[in-house]
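For the single chain, residues carry numbers from 1 onward in sequence order.
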Amino acid sequence: MKKGILPLLLLLSLSFSTLLASCSDSRNPASESEDQGPVANNEALSSAAPFEITIRHTQVGDSKKFRLALLEEVVAKTEAEVPGLTIRLDAVDSEVNRKEKLRGEMAAGKPPEVFDVFGSPEAQLYAREGLMLDLSEILNALGLKDKFTTLASFTLDGNIYGLPIGGSIEGYFYNKDYFEQKGLSIPQTLDELDRLAEEIQADGKIPFAQASKDAWIPLMTTNNLWSYYAGPEITYGFMTGESQWNDERMVKAIAKHKEWVEKGYFKKGELGLEYADMRNQMITGEAIMMMDGSWANSVFRDPAQAGPMAGKIGFFNMPPLKKGDPVVVMQDANNGYGFSSAVADDPRKLAAVKSFIKNMWTEEMQLRGLKEDGVLPAIKMDLEQMRTTSDDALMQDIFTAVSEIELSFPAYDALVQAEVNTALSIGIQQIIGGEIEPAKMLEHIQAVQNTANALE
């Protein structure tokens, strides 16, 4: 075990070290057939005796109903292919699953057979402890290994330990009707975005919808700001020591976020507001713009959720500092499904997992996810094919935003240790609450980073 793992697990309130005596070394799936046909033909499935696997998912709530329907369809196909199989769906809120339930199950060495997981840092951490199934052989057998846009977040030492369900970018949703009524244009520089926010505020509206009870929400804005001020490459260097959090360019980026807070560009009391509150600010017309992931489009395209605002929301990328500078955007594929390494010991469960993967990661399902749920594909797909899949105006805006990207980067939490992420989360909330200055905040984060790096 790397000496950096133990402090990370202590921070997560876990101790995997107790597992090492009872868990075997990382397991690899048994040799897989190259047959890509129905898994039911596998000789290991000659018995039709009942057996069960559990799929832990996070498709909870009205905003995820389309994604849940797709999952249920894949489950039905998989059960039909594998004799005796019953799949139990276990629905858990995403944050609860990520920060509580799955961590506890991993600490006990008993995760579900299939589970929602973030590739970095969680899947890589669990894979180091031998708790994740290596999918390399399965992907080779199914002809899928080279079909994904990226598997970087789920890859450790050349092996693949999970699959992203979709991709996303971060940018601004905006009230198109309001822009048209006021004669406003999409900003081309950060200064233009600043002046736009000032004009909106003068009209009695909130420029940016925001809810900061969970720190990852405002950090979408912060992460995109520092990737412009300091360049997207800076985040890759924090773990190696090549970059410093207290770099003066980082200070300027955090100061810009602080300036927007002090100018009143976000709703007062944002530290007490939940994620759903932020979207409601847009739906009610209280706020005019909102930094969020492209996944949020499903809310604004659904009349049941967006009401009269459905069809009246657009999307644009955060603009660069200066006109002509490259457009830099968070573009990620870090959330998906992982599989318990214990599956490798049961040929029938292994066959069920292979069937699930075969049915879930198809071009048809990815395009349906795009059309019905607005999730960008995780597998490689021509942009024009995406455009013709959905004629929805908001989705067309998102496709345009994707086409404009000149430099992209993964979200910060995929590139730093968990304890650094925690320090950053506390720091941005202190900035929003007016409790700390940017330079002091970043000095503290750098100190945490130094300690984390020394333990690697």
Using a 6.0 Å cut-off, check whether atom NZ of K322 has over 12 heavy atoms from anything other than its own residue. no

With sequence neighbours left out, the residues meeting salt bridge (charged side-chain N to carboxylate O under 4.0 Å, His left out) with E105 are R56

To the nearest 0.5 Å, atom CG of L89 lies from atom CD1 of I55 at 6.0 Å

Shortest non-hydrogen separation from P218 to A211 and the atoms involved: CD-O, 3.9 Å

Heavy-atom side-chain proximity of F339 to E113 below 4.5 angstrom: no

Would a distance-only check, ignoring hydrogens and angles, find a side-chain to backbone donor-acceptor pair under 3.5 Å from N140 to S136? yes

Any ion pair linking K64 and D373 (charged N to carboxylate O, less than 4.0 Å)? no

Do the ring planes of H257 and F266 sit parallel (below 30°), tilted (30 to 60°) or perpendicular (above 60°)? tilted

Dump the intermediate steps for side-chain hydrogen bond (donor to acceptor under 3.5 Å, both in side chains) on E81 and S355, then the final yes or no. CA-CA 7 Å; E81 283 185 355; S355 178; 2.5 Å; yes

Atom CD of E248 with >12 non-hydrogen neighbours under 6.0 angstrom: no

When you measure from the side chain of W226 to the backbone of W245, do you find a donor-acceptor pair of N or O atoms at a distance under 3.5 Å? no

Verify, without hydrogens or angle tests, whether D397 (side chain) and G314 (backbone) share a donor-acceptor contact under 3.5 angstrom. no

Could you give me the CA-CA distance, side-chain angles and deciding distance for Q449 and Q417, then say whether side-chain hydrogen bond (donor to acceptor under 3.5 Å, both in side chains) is met? CA-CA 8 Å; Q449 184 75 69; Q417 299 95 329; 2.8 Å; yes

Report yes if the side chains of P83 and F51 come closer than 4.5 Å at any heavy-atom pair, otherwise no. no

Check side chain to side chain donor-acceptor pair (under 3.5 Å) between E233 and all other residues, then give those that pass, not counting sequence neighbours. none

Could you pull out all residues at least two apart from Q244 that satisfy side chain to side chain contact (heavy atoms under 4.5 Å, CB included)? N246, Q446

Charged N-O contact under 4.0 Å between K258 and E262: yes

Run the side-chain hydrogen bond (donor to acceptor under 3.5 Å, both in side chains) test on N359 and T78 for me, step by step, so that the C-alpha distance in whole Å, both residues' side-chain angles and the decisive distance to 0.1 Å come before the verdict. CA-CA 7 Å; N359 291 322; T78 302; 3.2 Å; yes

For F173 and F300, take the angle between the two ring planes, folded into 0 to 90°, and tell me which bin it lands in: parallel under 30, tilted 30 to 60, perpendicular over 60. tilted

Could you note down all residue pairs passing side chain to side chain donor-acceptor pair (under 3.5 Å) where residues 276-285 supplies at least one of them, sequence neighbours left out? Y275-R279

Going by atom types only, do E170 and N224 share a side-chain donor-acceptor pair under 3.5 Å? yes

Heavy atoms from other residues, nucleotides or ligands near CD of E198 exceed 12 (cutoff 6.0 Å): no

Closest contact, heavy atoms only, I169 versus A401: CD1-CB, 3.9 Å

Mind checking what makes salt bridge (charged side-chain N to carboxylate O under 4.0 Å, His left out) contact with D93, not counting sequence neighbours? none

Side chains of T58 and N97 only: does a donor on one sit below 3.5 Å from an acceptor on the other? no

R249 bridged to D247 by N-O distance under 4.0 Å: yes

Across all chains, not counting sequence neighbours, the salt bridge (charged side-chain N to carboxylate O under 4.0 Å, His left out) partners of E259 are K256, K263

Would you call the rings of F179 and Y174 parallel, tilted or perpendicular, taking 30° and 60° as the class edges? tilted

Do the charged groups of E73 and R368 touch, with an N to O distance under 4.0 Å? yes

Going by the rule side chain to side chain contact (heavy atoms under 4.5 Å, CB included), which residues pair with L321 if we only count those two or more places apart in sequence or in a different chain? L190, Y228, Y229, D325

Side chain to side chain donor-acceptor pair (under 3.5 Å) partners of T221, counting only residues at least two apart: none

Which value, rounded to the nearest 0.5 Å, describes the distance between S298 atom OG and D62 atom CG? 9.5 Å

For E406, check side chain to side chain donor-acceptor pair (under 3.5 Å) against everything at least two apart and list the hits. none

Supply the atom-to-atom distance T362 OG1 to K77 NZ, rounded to the nearest 0.5 angstrom. 6.0 Å

Closer than 3.5 angstrom, by distance alone: can the side chain of E192 be matched with the main-chain N or O of Q188 as a donor-acceptor pair? yes

Which value, rounded to the nearest 0.5 Å, describes the distance between F118 atom CZ and L125 atom CG? 15.0 Å

What closest approach, in Å, do A352 and L85 show between heavy atoms, and which atom pair accounts for it? CB-CD2, 3.8 Å

Which residues pass the side chain to side chain donor-acceptor pair (under 3.5 Å) test with K213, not counting sequence neighbours? E274

Ion pair present between R67 and E372, side-chain N to carboxylate O less than 4.0 angstrom? no

Applying side chain to side chain contact (heavy atoms under 4.5 Å, CB included), run through Y172 and M318 and close with a yes or a no. CA-CA 7 Å; Y172 284 106; M318 179 183 276; 3.4 Å; yes

If we count only N and O atoms by modelled type, under 3.5 Å, do the side chains of Y178 and D203 hold a donor and an acceptor together? yes

Tell me, yes or no, whether the heavy-atom count around K440 atom NZ, taken from other residues, nucleotides or ligands under 6.0 Å, exceeds 12. no

Say whether, by atom type as modelled, one donor and one acceptor occur between the side chain of N421 and the main chain of D413 under 3.5 angstrom. no

Check the pair Y126, Y161 against ring-ring contact (aromatic ring centres under 6.0 Å, His included), reporting the backbone distance first and the verdict last. CA-CA 9 Å; Y126 302 145; Y161 292 98; over 10 Å; no

Tightest non-hydrogen contact, residues G369 and L70, listed as CA-CD1, 3.6 Å

Q201 side-chain N/O to I206 backbone N/O, donor-acceptor pair under 3.5 Å: no

E122: partners by salt bridge (charged side-chain N to carboxylate O under 4.0 Å, His left out), with sequence neighbours left out: R98

Mind checking what makes side chain to side chain contact (heavy atoms under 4.5 Å, CB included) contact with R88, not counting sequence neighbours? E52, T54, D90

Once you measure the plane-to-plane angle for F208 and Y265, does it fall in the parallel (<30°), tilted (30-60°) or perpendicular (>60°) bin? perpendicular

salt_bridge(E199, K182) N-O dist < 4.0 Å: no

Do you see a donor-acceptor pair shorter than 3.5 Å between the side chains of Q385 and D382? no

Rounded to the nearest 0.5 Å, what separation is found between the CG atom of L139 and the CD1 atom of I357? 6.0 Å

Nearest-0.5 Å distance, CG of residue L415 to CE of residue M239: 8.5 Å

Flag the pair T400 / F316 as yes when at least one side-chain heavy-atom distance between them is below 4.5 Å, and no otherwise. no

